[in-house]
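Reviewing the structure listed below.
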There are 2 protein chains.
Amino acid sequence: MNQAVATDPISTCTIPTQQAEQLQGQLLDIQKAQRMAEFFSSLGDANRLRILSLLAEEELCVGDLAAIVEMSESAVSHQLRTLKSMRLVSYRKQGRHVFYRLQDHHVLHLYQAVAEHLDEV
Amino acid sequence: MNQAVATDPISTCTIPTQQAEQLQGQLLDIQKAQRMAEFFSSLGDANRLRILSLLAEEELCVGDLAAIVEMSESAVSHQLRTLKSMRLVSYRKQGRHVFYRLQDHHVLHLYQAVAEHLDEV
DNA sequence: ATAATATCTGAACAGTTATTCATGTGTCAA
DNA sequence: TTGACACATGAATAACTGTTCAGATATTAT
């Protein structure tokens with residue numbers, strides 16, 4: 001149905017229009033770009049990274065996390081919420097405690113890769 | 001000199017204080033956490049990712065980038081500025097054009113890793 | 001029940017960020 | 001020189017984000 005939509009010609013300055021159109025095909029589509037951006041953003045906060053650095057060692061409850069990173073329990077809870085929504089952490093409830101842990105080690109590898117990358121420079 | 005600073009005892013709820021102190025040693029220090037957060041944040045914007053996805057293919061000037069991603073040249077220039085400050089892209093000037101390219105392929109690998117990670121779920 | 005503990009939640013506020021707009025700089029062509 | 005083009009920059013505005021605060025929920029102990 002909506003194939004061959006006549007879009008405006010791309011007004012380029014150095015490359016031919018045809019090449020520009022081809023590159024537009026390579027272009028990361030907006031929705032995926034948005035999802036990736038949200039993922040990276042979820043790692044784009046120092047306190048969330050600090051929390052993750054602890055959870056990389058062992059599972060911890062909110063109160064202990066808060067005590068160790070020296071943040072309010074509320075602030076930690078809010079941050080865990082966003083980490084949870086990005087599936088970076090999961091949790092189990094035990095009595096009145098909630099223990100959080102890394103959801104998988106993909107994240108840890110990413111974290112380590114960037115840590116090393118920044119040391120290089 | 002400033003070793004053995006007597007800090008307040010950590011008031012934990014489930015783990016012993018001693019363990020909490022040990023974990024505090026494992027904790028990502030604030031300055032490094034901040035640098036890592038800035039790095040991840042620089043990837044935390046859909047338009048910047050889209051720009052990077054093009055530069056992953058080939059070097060491009062600002063005007064062509066703007067035309068392909070359909071943003072104003074000013075907006076693209078601002079974004080390139082932050083990518084440049086994070087050493088994600090570099091550039092060369094040629095006449096009145098400025099050609100940007102990925103600074104290294106570390107970034108590309110990171111980008112690809114996350115792209116795949118998000119496809120998994 | 002009541003109180004204390006552990007966590008979560010929503011509103012509010014401050015700080016940050018991305019875009020637009022107007023303007024400035026540098027390069028090329030006529 | 002003049003004008004057009006490519007890009008950069010600063011200010012302003014709107015949207016977003018992280019924290020605090022007050023209060024809600026749920027669990028355990030008394």
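Chain A is the first sequence line, chain B the second, and so forth, proteins listed ahead of strands; every chain is numbered from 1.
- A distance-only check finds no donor-acceptor pair linking the side chain of A/N47 to the backbone of A/Q79 [under 3.5 Å].
- A donor-acceptor contact under 3.5 Å is not formed by the side chain of A/H78 with the base of C/dT7.
- Shown for residues 34-69 of chain A: residues whose heavy atoms fall under 4.0 angstrom of DNA chain D, namely A/D45, A/N47, A/R48.
- The listed nucleotides are D/dA29, D/dA4, C/dC8; the one nearest the side chain of B/R96 is D/dA4.
- The nucleotide whose nearest atom lies closest to any side-chain atom of A/V98 is, among C/dC8, D/dT19, D/dA4, C/dC8.
- A close approach under 4.0 Å does not occur between any side-chain nitrogen or oxygen of A/S77 and OP1 or OP2 of C/dT7.
- The CZ-C1' distance, from B/R81 to C/dT17, rounds to 14 Å in whole Å.
- In terms of phosphate contacts, B/Y100 brings a side-chain nitrogen or oxygen within less than 4.0 Å of OP1 or OP2 of D/dA8.
- Not counting sequence neighbours, B/Q26 has no partner by the side-chain hydrogen bond (donor to acceptor under 3.5 Å, both in side chains) test.
- Lacking a ring centre under 5.5 Å from that of the base six-membered ring together with a plane angle below 30°, B/H97 does not count as stacked on D/dC7.
- No donor-acceptor pair under 3.5 Å is formed between the side chain of B/Q103 and the backbone N or O of B/S90.
- When the C1' atom of D/dT20 is taken as reference, atom CD of A/E73 falls 14 Å away, rounded to whole Å.
- The side chain of A/Q79 places an N or O atom within less than 4.0 Å of a non-bridging phosphate oxygen (OP1 or OP2) of D/dT19.
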Donor-acceptor pairs are to be reported for all side-chain atoms of residues 33-44 of chain A against protein atoms at under 3.5 Å, with residues two or more places apart or in another chain.
| from | atom 1 | to | atom 2 | distance (Å) |
| --- | --- | --- | --- | --- |
| A/S41 | OG | A/A37 | O | 3.0 |
| A/S41 | OG | B/G44 | O | 3.0 |
| A/S42 | OG | A/F39 | O | 2.5 |

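- For A/S74, whose side chain is taken as the heavy atoms from C-beta onward, the closest listed nucleotide among C/dT7, D/dT9, D/dT20 is D/dT20.
- In this structure a side-chain-to-backbone donor-acceptor pair under 3.5 Å is present from A/H109 to A/H105.
- Side-chain contact annotation: B/E58 with A/Q19, donor-acceptor N/O pair under 3.5 Å present.
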